[in-house]
Amino acid sequence: MENGTHLRTCHLCEAMCGVAIEVKDGHIESIKGDRDDPLSHGHICPKAIALQDLHEDPDRLKTPLKRTADGWQDIGWDEAFNLVADRLHQIREEHGKNAIGVYQGNPNVHNHGAMIAGLPFLRAVGTQNRFSATSNDQLPHMLASLEMFGHQVLFPIPDIDRTDLFICIGANPMASNGSLMTVPDIRGRLKALKGRGGKFIVIDPRRTETGKLADEFHFIRPGSDALLLMAMVNTLFVEGLVDLGHADAWTKDVDLVRLAALPFSPEAVSAHTGLSPDAIRAIARQLATTPKAALYGRIGTSTQAHGGVATWLIYVLNILTGKLDSTGGMMFTQPAIDMVALGAMSGQKGHFARRMSRVKGLPEFGGEYPASTMADEILTAGDGQIRAFVTIAGNPLLSSPNGGRLEEAFGQLEFMVSVDYYLNETTRHADIILPPTAALERSHYDLIFSMFAVHNVAKFSEALFKPGPDARHDWQILLELAHRLEQRRKGGRLPLRAELGWRAFKQLGPDPLLDLMLRSGPYGTDVGAARTLVQPALDLLVDILPRQHPLRSLARLSPLDRRWRDLPKGLSLSALRDQPSGVDLGPLRPCLPDRLYTRDGKINLAPRRYLNDLDRLHERLTTPVADELQLIGRRHVRSNNSWMHNSQRLVKGKDRCTLMIHPKDASRCGLSEGDAAEVSSEAGRIVVPIEITEDLMPGVVSIPHGWGHTRQGTQQAIAEAHAGASINDIICDDQIDPLSGTSVLNGQTVTVKVWKAERSRKRA
Ligand SMILES: Nc1nc2c(c(=O)[nH]1)N[C@H]1C(S)=C(S)[C@@H](COP(=O)(O)OP(=O)(O)OC[C@H]3O[C@@H](n4cnc5c(=O)[nH]c(N)nc54)[C@H](O)[C@@H]3O)O[C@H]1N2
Ligand SMILES: Nc1nc2c(c(=O)[nH]1)N[C@H]1C(S)=C(S)[C@@H](COP(=O)(O)OP(=O)(O)OC[C@H]3O[C@@H](n4cnc5c(=O)[nH]c(N)nc54)[C@H](O)[C@@H]3O)O[C@H]1N2
Ligand code: SF4
Ligand SMILES: [Mo]
């Protein structure tokens with residue numbers, strides 16, 4: 001590739017940092033922060049250098065692999081595509097569409113090509129047995145947004161640069177760099193908050209890296225957040241602190257929330273949460289009386305037994321105290337490509353519980369069933385049993401509950417295909433692996449995380465390296481498979497118009513469509529020119545795109561829309577190409593009630609589903625606090641879910657996959673420094689070194705997820721040398737939040753004892 005400095009967005013986590021990559025003679029010389037990036041201002045984290053390690057990783061797959069009796073064999077793309085299409089089609093013919101399961105992993109949302117091509121692929125497969133990382137992650141946020149604001153991805157984001165009080169519950173942005181809050185350089189922003197006299201409170205079962213920076217830190221018992229939040233709501237009403245501000249005019253059912261909160265006084269919840277009644281009242285009062293304040297929660301409040309209700313209550317509290325849609329509070333973004341508006345126009349605001357999963361009767365969300373029930377659907381015989389499986393950029397064997405059972409399930413599939421560039425714990429079960437291009441070989445636009453950024457920005461990055469002639473992007477793989485599956489469904493030939501549509505789509509790729517989305521979006525420019533190029537292709541695409549594909553709505557969007565009248569104009573792909581560091585679109589702006597998508601145009605403060613789930617919360621209150629150890633997860637800034645442990649520079653240093661345990665619990669379990677612990681549950685048992693620390697609340701232990709590179713037949717040399725153990729081998733898959741279908745990844749009980757090497761060797 002050309003020598004020089006290439007400006008780009010780092011796609012590894014949600015923070016969207018601008019990076020400047022220095023290239024000489026086709027080799028990366030350095031990766032630094034881009035000071036001119038309007039969002040990150042030069043910040044990067046230690047993972048940025050891994051962009052190089054990933055690119056140069058000798059273990060990264062580059063050609064399709066086929067499983068044979070003699071091991072993996074390289075095959076050509078055409079052969080691979082035909083094999084996959086033939087097998088999937090055959091299984092579909094024999095057993096029906098639902099015999100194919102699909103799991104889409106997290107990296108898809110960092111990849112605009114995969115996002116755009118994902119829907120036609122899913123439609124071509126046609127299965128209802130879809131799963132993704134969503135139900136191990138942000139599902140409760142999506143459900144709350146859907147039920148309250150009428151759109152599943154209309155998330156309120158902390159206006160962190162202007163707030164005077166930031167309350168962070170169940171998130172550790174110092175390690176994660178923020179989530180549903182795209183916020184590069186959280187440390188700098190928190191420092192600035194303190195600098196302007198603001199305050200910052202953290203509530204977590206572990207005194208985290210974020211907790212250590214806070215002005216005020218409170219331990220909370222895992223899974224009890226909904227109780228704490230209810231008691232805060234209760235306090236607001238009892239003390240006359242409810243004031244919705246301008247949201248009053250379009251919020252309904254405030255009185256229902258007041259009634260619902262009655263039984264949950266601070267005194268009633270204190271023992272169960274671990275916070276004193278005074279502390280609970282003080283937090284509620286501060287939130288109410290600080291004009292610019294934001295209450296924010298994430299993984300710790302969503303992936304737990306009451307994740308649905310807790311996430312709802314976080315939004316409720318922001319609304320009751322007038323913080324929603326107000327400067328320095330929780331605000332909505334206005335991204336350059338407005339997936340919210342596009343989705344709404346194509347009737348894709350989201351849906352929930354339209355149908356239930358076959359085996360356990362769990363609700364779908366947005367067409368996906370809970371990941372926790374994947375193994376059930378593969379292992380349980382009967383009509384609709386999954387017999388073939390597709391994973392796309394996912395490693396559910398490590399990332400979803402009960403890895404052992406998933407292993408058994410994947411092992412008995414008739415056929416499996418993985419779109420992935422690593423031979424890892426999940427993909428080693430595949431019959432065919434289809435490896436896409438590396439990230440630096442493709443262009444980048446953050447379709448998803450631009451929607452969650454604390455400041456409106458837009459940025460497009462060109463591919464840095466040219467892919468080899470025999471490489472395929474994710475979007476090419478997905479479209480090719482979709483096309484061939486459609487051909488087989490129609491007996492080999494498609495009508496000419498559809499055939500032309502597929503060809504057009506495959507030839508165009510995602511970037512001209514980005515251009516059209518930018519031009520017709522809120523900051524767009526004259527759409528005409530882009531349309532003359534793309535419109536004929538788009539017309540053809542209408543035949544092949546799913547009825548609800550957002551691209552179908554493009555023709556109806558216009559930058560001149562009433563809601564967007566006051567926004568600056570002029571964006572297009574070429575305008576973004578001219579500003580490779582990105583374009584600043586300004587701070588978050590109040591936008592209610594225009595941005596609400598509920599039928600009556602009101603915020604639904606007390607959706608019935610949540611009220612119905614309160615009996616369960618009340619039950620928790622009347623059950624004595626358990627004495628068993630509760631397990632929670634954690635993240636580290638040098639790791640990223642399960643797939644970045646093959647970078648020596650990231651994994652070096654002391655072991656990070658440890659059991660953190662409080663000294664009192666350690667001695668209760670007979671553990672001392674230097675021991676390894678055997679941690680077990682009904683799902684299984686793992687062995688991990690221990691780290692005794694007062695940072696944990698007594699009664700709580702913590703293990704990070706994404707480790708456990710111990711399974712035979714993977715090909716990630718560095719990760720295997722730093723294997724760790726998988727927490728999800730001891731997370732039970734029958735524990736879900738029944739309201740939302742989200743996995744309970746935090747707060748399950750476990751047994752901990754000293755691991756005796758000798759004893760286990762004998763057993764083995
Ligand atoms: N116990 C516990 N479990 C958890 C969590 C937790 O907090 N605790 N967190 C959950 C959360 S929030 C998430 S998002 C999930 C993540 O879970 P997943 O999305 O299932 O898994 P990842 O570890 O992100 O694995 C990503 C896979 O994609 C591949 N990959 C990376 N980049 C690309 C690409 O560009 N194209 C393709 N085709 N493949 C690519 C990698 O090789 C890897 O196989 O884990 C969840 N699991
Ligand atoms: N370095 C790094 N960055 C990442 C990732 C990564 O793996 N590594 N993953 C990315 C992804 S996919 C996501 S979704 C985001 C997640 O972003 P965050 O939500 O910030 O992720 P965590 O660091 O897991 O923070 C969750 C916090 O919840 C706490 N917690 C656990 N149980 C409870 C509970 O019951 N109540 C309360 N109040 N707190 C609890 C944990 O102790 C932890 O501090 O991070 C993203 N960024
Ligand atoms: S915080 Fe790190 S991993 Fe995340 S975008 Fe920035 S540099 Fe990349
Ligand atoms: Mo996630």
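Here the structure is a predicted model, which is why all the values come from computation and not from measurement. When a ligand or atom number is given, it counts from 1 through the structure's own listing order.
- Heavy atoms only, all atoms of each residue included: Glu441 and Thr437 are closest at OE1-CB, 3.3 Å.
- Counting atoms of ligand 1 from 1 in the listed order, those under 4.0 Å from a heavy atom of Gly394 are 20 (O), 27 (C), 28 (O), 44 (O).
- Against a heavy-atom cut-off of under 4.0 Å, Asn641 is close to the following atoms of ligand 1: 14 (S), 16 (C), 22 (P), 23 (O), 24 (O).
- Under 4.0 Å from ligand 1, heavy atoms of Asn106 appear from its side chain as well as its backbone.
- Nearest protein heavy-atom contact of atom 46 (C) of ligand 1 is Ser399 O, 3.5 Å.
- Between Asn640 and ligand 1, no N or O atom pair is found at a separation short of 3.5 Å.
- For atom 42 (O) of ligand 1, the closest non-hydrogen atom of the protein is Asp420 OD1, 2.6 Å.
- At a heavy-atom cutoff of 4.0 Å, ligand 1 is contacted by the side chain of Ile299 but not by its backbone.
- Ring orientation note: the planes of His112 and His444 are nearly perpendicular, at an angle over 60° on the 30°/60° scale.
- With a 6.0 Å radius and a threshold of 12 heavy atoms from other residues, nucleotides or ligands, Glu682 has its CD atom at or below the threshold.
- Atom 7 (O) of ligand 1 has as its closest protein heavy atom Arg635 NH1, 3.2 Å.
- The aromatic rings of His11 and His110 sit perpendicular to each other, their planes meeting at more than 60°, with 30° as the lower class boundary.
- Using a 4.5 Å heavy-atom cutoff, the side chains of Pro184 and Arg189 are in contact.
- Side-chain contact check for Thr182 and Glu14: no donor-acceptor pair (N or O, by modelled atom type) lies under 3.5 Å.
- Nearest protein heavy-atom neighbour of atom 40 (C) of ligand 1: Ala393 CB, 3.7 Å.
- Closest to atom 10 (C) of ligand 1, if we only count protein heavy atoms, is Asn136 O, 3.3 Å.
- Between Asp733 and Arg405 there is a salt bridge, since a side-chain N of the basic residue sits under 4.0 Å from a carboxylate O of the acidic one.
- Each of His722, His709, His636 was compared with His645 under the ring-ring contact (aromatic ring centres under 6.0 Å, His included) criterion, and only His709 meets it.
- More than 12 non-hydrogen atoms from other residues, nucleotides or ligands lie less than 6.0 angstrom from NZ of Lys506.
- The proximity of His11 to ligand 3, defined as any non-hydrogen pair under 4.0 Å, does not occur for either the backbone or the side chain.
- Atom numbering of ligand 1 starts at 1 in the shown order; those under 4.0 Å from a heavy atom of Ile727 are 1 (N).
- Nearest heavy-atom pair across Leu440 and His55 is CB-ND1, 3.9 Å.
- Inclusion of Pro107 in the set of residues having an N or O under 3.5 Å from an N or O of ligand 1 is not warranted.
- With hydrogens left out, the protein atom closest to atom 4 (Fe) of ligand 3 is Cys13 SG, 2.3 Å, a heavy atom.
- The nearest protein atom to atom 3 (S) of ligand 3, hydrogens excluded, is given as Lys47 CE, 3.4 Å; this is a heavy-atom distance.
- Using a cut-off of 4.0 Å between Lys/Arg side-chain N and Asp/Glu carboxylate O, Asp53 and Arg60 are scored as not salt-bridged.
- Atom 8 (Fe) of ligand 3 has an N, O or S atom of Cys10 under 2.8 Å away, backbone or side chain.
- Minimum heavy-atom separation, Leu362 to Pro370: CB-CG, 3.9 Å.
- The closest approach between Ile392 and ligand 1 stays at or above 4.0 Å for every heavy atom of the residue.
- Of the protein's heavy atoms, Tyr421 OH, 3.4 Å lies nearest to atom 33 (C) of ligand 1.
- Asn177 ND2, 3.2 Å is the protein heavy atom nearest to atom 1 (S) of ligand 3.
- Among protein heavy atoms, the minimum distance from atom 23 (O) of ligand 1 is reached at Ser642 OG, 2.5 Å.
- Ligand 1 places these atoms under 4.0 Å from at least one heavy atom of Asp137: 12 (S), 14 (S).
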- Can Arg298 and Gln138 be said to form a side-chain hydrogen bond (donor to acceptor under 3.5 Å, both in side chains), step by step? CA-CA 8 Å; Arg298 221 14 218 106; Gln138 81 289 356; 4.7 Å; no
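- Taking the charged nitrogens against the carboxylate oxygens, Glu425 and Arg711 have no contact shorter than 4.0 Å, which rules out a salt bridge.
- Atom CZ of Arg187 has 12 or fewer heavy atoms from other residues, nucleotides or ligands within 6.0 Å.
- At least one N or O atom of Asn395 sits closer than 3.5 Å to an N or O atom of ligand 1.
- Salt-bridge formation is not detected for the pair Arg8/Asp34: no Lys NZ or Arg NE/NH1/NH2 atom is positioned less than 4.0 Å from an Asp or Glu carboxylate oxygen.
- For a threshold of 3.5 Å applied to N or O pairs, the pair formed by Tyr103 and ligand 1 contains at least one separation below that value.
- In terms of polar-atom proximity, Tyr422 is not counted as a contact of ligand 1, lacking any N or O under 3.5 Å from an N or O of the ligand.
- Residue-ligand proximity, Leu745 to ligand 1, at heavy-atom distances under 4.0 Å covers atoms 2 (C), 3 (N), 4 (C), 5 (C), 6 (C), 8 (N).
- Counting only heavy atoms of the protein, atom 2 (C) of ligand 1 lies nearest to His705 CB, 3.5 Å.
- The single protein non-hydrogen atom nearest to atom 6 (Fe) of ligand 3 is Cys17 SG, 2.3 Å, given as residue, atom name and distance.
- By the criterion of a heavy-atom distance under 4.0 Å, neither the backbone nor the side chain of Arg60 is placed next to ligand 1.
- Gln715 pairs with exactly one of Leu65, Leu61, Asn424 by the side-chain contact (heavy atoms from CB on, under 4.5 Å) rule, that one being Leu61.
- Near Arg442, with a cut-off below 4.0 Å to any heavy atom, the atoms of ligand 1 are 35 (O).
- The closest protein non-hydrogen atom to atom 2 (Fe) of ligand 3 is Cys45 SG, 2.3 Å.
- Ligand 1 has at least one atom lying under 4.0 Å from a heavy atom of Pro436.
- Atoms of ligand 1 found under 4.0 Å from any heavy atom of Asn728, numbered from 1 in the order shown, are 1 (N), 2 (C), 3 (N).
- For the side chain to side chain donor-acceptor pair (under 3.5 Å) with Asn172, the qualifying choice from Arg635, Glu209, Arg634 is Glu209, the only one to do so.
- In Asn746, neither the side chain nor the backbone holds a heavy atom less than 4.0 Å from any atom of ligand 1.
- Within the 4.0 Å heavy-atom shell around ligand 1 one does not find Met644.
- Other residues, nucleotides and ligands contribute only 12 or fewer heavy atoms inside 6.0 Å of the CZ atom of Arg35.
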